[in-house]
Amino acid sequence: MKKVIIFCVNYNSYKELDDYLRSIDVAAQQVTTTCRVSVWIADNTEYNFQKISVDYKSITCRVFPIHENKGYLGGIFYMLNVMAKQEGLDEDFFVFSNVDLIFKMNFFEELLKCTDGDVAWIAPKIMTESTGKNENPYMIFRPLKLKIDLLRLLYRLPSFYALYSQFSKIKNKKKNKVQMFNRKEIYAGHGSIMIFSRWFVEKNFPFVFPAFMYGEEIYFAELVKKMGLRVMYEPMVEVSNVGNVSTKLLGNRKRCKMSYDALTQMRQYFK
């Protein structure tokens, strides 16, 4: 029997978390004879936290009431370290995920078909229903150092970045209407949900992410590249995206500061 572990992080998003878990439970019901699905939840909410229900039919859940904002990967790596000490890292698939997502009913059925041994990272289809945009493939090609530096410059100027962001949304919306994405090898998937193979996690554990938030796509892409493995976009593995439930509370200026700091750290890979 295959084993899938999902590590997710909740930060002031209890309603979205409930919908997220119910969708995983429904998807897991389709593969009860072939796959065991576990969900570990880091609750990074600092104030006014709520009880998280773990009573589901087809999945097992474990809650970590951290109640400290460790960041997205900070919360995930905390749980990953606990798993390594208590149980070992022997799952077939490791899923790192936000909670503002809805899993399609056939998510695990399609995931179990992904058996390419040299694929370290599976990037699923992520449809943002409000815009009709597919967030993957996130980066088809490795970015140039010049692009990293230009983005860092934009993040230093939050007002200009806000204008650039709006322009990009319009451009990408038009692009997604005319372009269909098939299964293909890419540089990096979108960070809202990332699926890794057991071998990749075992070989790179313990992970050390050099930033608080943002930049995780480049961080993992460079680890995959260093190992000579592949990132594969798999459109049949699909989720729906509510989008930015936690990060929208930060404000543009703070997001830009975090993004600038993250890219400054990621720049070391592009010497």
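Sequence positions, counted from 1, serve as the residue numbers for this chain.
The distance from atom CG of N241 to atom CE of M127, rounded to the nearest 0.5 Å, is 10.0 Å. With rounding to the nearest 0.5 angstrom, the CG atom of L101 is 8.0 Å from the OG atom of S23. From W199, atom CH2 reaches atom CG of D92 across 15.5 Å, with rounding to the nearest 0.5 Å. Between atom CG of residue L17 and atom SG of residue C61 there is a gap of 8.5 Å, rounded to the nearest 0.5 Å. E135 contributes atom CD, which lies 3.5 Å from atom OG1 of T128 (distance to the nearest 0.5 angstrom). Taken to the nearest 0.5 Å, the CZ atom of F77 stands 9.5 Å off from the OH atom of Y72.
Looking only at distances, no side-chain donor or acceptor of D100 sits under 3.5 Å from a matching main-chain atom of V242.
In the displayed structure, N48 atom CG is contacted under 6.0 Å by at most 12 heavy atoms of other residues, nucleotides or ligands. At most 12 non-hydrogen atoms from other residues, nucleotides or ligands lie less than 6.0 angstrom from NZ of K203. By the 6.0 Å contact criterion, CZ on R62 is enclosed, its count of non-hydrogen atoms from other residues, nucleotides or ligands being greater than 12.
Both F64 and L80 are part of a single hydrophobic cluster, where members link through side-chain heavy atoms under 4.5 Å apart. In the hydrophobic cluster analysis, where Ile, Leu, Val, Met, Phe, Trp and Tyr join through side-chain heavy atoms closer than 4.5 angstrom, F93 is grouped together with F103. At a threshold of 4.5 Å between side-chain heavy atoms, the hydrophobic network of Ile, Leu, Val, Met, Phe, Trp and Tyr places I76 and L89 in one connected group. L150 and M258 end up in different hydrophobic clusters when Ile, Leu, Val, Met, Phe, Trp and Tyr side chains are linked at under 4.5 Å. M236 and M194 fall into different hydrophobic clusters, where Ile, Leu, Val, Met, Phe, Trp and Tyr residues are linked whenever their side-chain heavy atoms come under 4.5 Å apart, directly or through other members.
With contacts defined as side-chain heavy-atom distances shorter than 4.5 Å, the pair V119/C114 does not qualify. Contact annotation: the side chain of L263 never approaches that of Y214 to less than 4.5 Å [non-hydrogen atoms, C-beta and beyond]. The side-chain heavy atoms of R36 and T60, taken from C-beta on, include no pair separated by under 4.5 Å. At a threshold of 4.5 Å between non-hydrogen side-chain atoms, the residues Y14 and I52 count as touching. Residues I148 and M266 fail the side-chain proximity criterion, which asks for heavy atoms closer than 4.5 Å. In this structure the side chain of H190 never reaches within 4.5 angstrom of the side chain of P124, judged on heavy atoms. For the pair D116/E185, no side-chain contact is recorded, criterion being any heavy-atom separation below 4.5 Å from C-beta on. Contact check for E91 versus R198: no side-chain heavy atoms found under the 4.5 Å cut-off.
Taking all atoms of both residues into account, the shortest heavy-atom contact from E238 to F107 is O-CD1, 3.4 Å. Of all heavy-atom pairs spanning I5 and F7, the tightest one is CG1-CZ, 3.7 Å. Of all heavy-atom pairs between M79 and C8, the closest is CE-O, 3.4 Å. A pairwise comparison of heavy atoms in K104 and A27 identifies O-CB, 3.5 Å as the closest pair. Here the shortest heavy-atom pairing between S53 and L21 reads O-CD1, 4.0 Å. Minimum interatomic distance between V99 and S13 (heavy atoms only, all atoms of both residues): CG2-OG, 3.3 Å.
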Next item on the list: Could you walk me through whether Y260 and L154 pass the side-chain contact (heavy atoms from CB on, under 4.5 Å) test, one step at a time?
Entry: CA-CA 9 Å; Y260 174 82; L154 280 171; over 6 Å; no
Next item on the list: Start with the C-alpha gap between M83 and F94, add the side-chain angles, then the distance that decides, and say whether side-chain contact (heavy atoms from CB on, under 4.5 Å) holds.
Entry: CA-CA 12 Å; M83 172 176 248; F94 290 78; 4.1 Å; yes
Next item on the list: Take F108 and Q30 through the test side-chain contact (heavy atoms from CB on, under 4.5 Å) and record every step on the way to the result.
Entry: CA-CA 8 Å; F108 296 108; Q30 317 308 311; over 6 Å; no
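A salt bridge does not link D25 to R22: none of the charged side-chain nitrogens sits closer than 4.0 Å to a carboxylate oxygen. Using a 4.0 Å cut-off between charged nitrogen and carboxylate oxygen, D149 and R152 count as a salt-bridge pair.
Residues satisfying the side-chain hydrogen bond (donor to acceptor under 3.5 Å, both in side chains) criterion with N98, sequence neighbours excluded, are absent altogether.
A donor-acceptor contact closer than 3.5 angstrom links the side chains of D43 and T45. In the model, S97 has a side-chain atom that pairs as donor or acceptor with a side-chain atom of Y20 under 3.5 Å. Side-chain contact, T264 with D261: no donor N or O sits under 3.5 Å from an acceptor N or O.
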Which donor-acceptor pairs under 3.5 Å do side chains of residues 217-234 form with protein atoms, sequence neighbours excluded?
| residue | atom | partner | partner atom | Å |
| --- | --- | --- | --- | --- |
| E217 | OE2 | G191 | N | 2.9 |
| Y219 | OH | V208 | N | 3.1 |
| Y219 | OH | V208 | O | 3.2 |
| E222 | OE1 | R142 | NH2 | 3.2 |
| E222 | OE2 | R142 | NE | 2.8 |
| E222 | OE2 | R142 | NH2 | 3.4 |
| E222 | OE2 | Y187 | OH | 2.6 |
| R230 | NE | D118 | OD1 | 3.4 |
| R230 | NE | D118 | OD2 | 3.0 |
| R230 | NH2 | D118 | OD1 | 3.0 |
| Y233 | OH | N134 | ND2 | 2.9 |
| E234 | OE1 | R183 | NE | 3.1 |
| E234 | OE2 | R183 | NE | 2.7 |
| E234 | OE2 | R183 | NH2 | 3.1 |

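Identified under the ring-ring contact (aromatic ring centres under 6.0 Å, His included) test for residues 112-134, with sequence neighbours left out: W121-F196.
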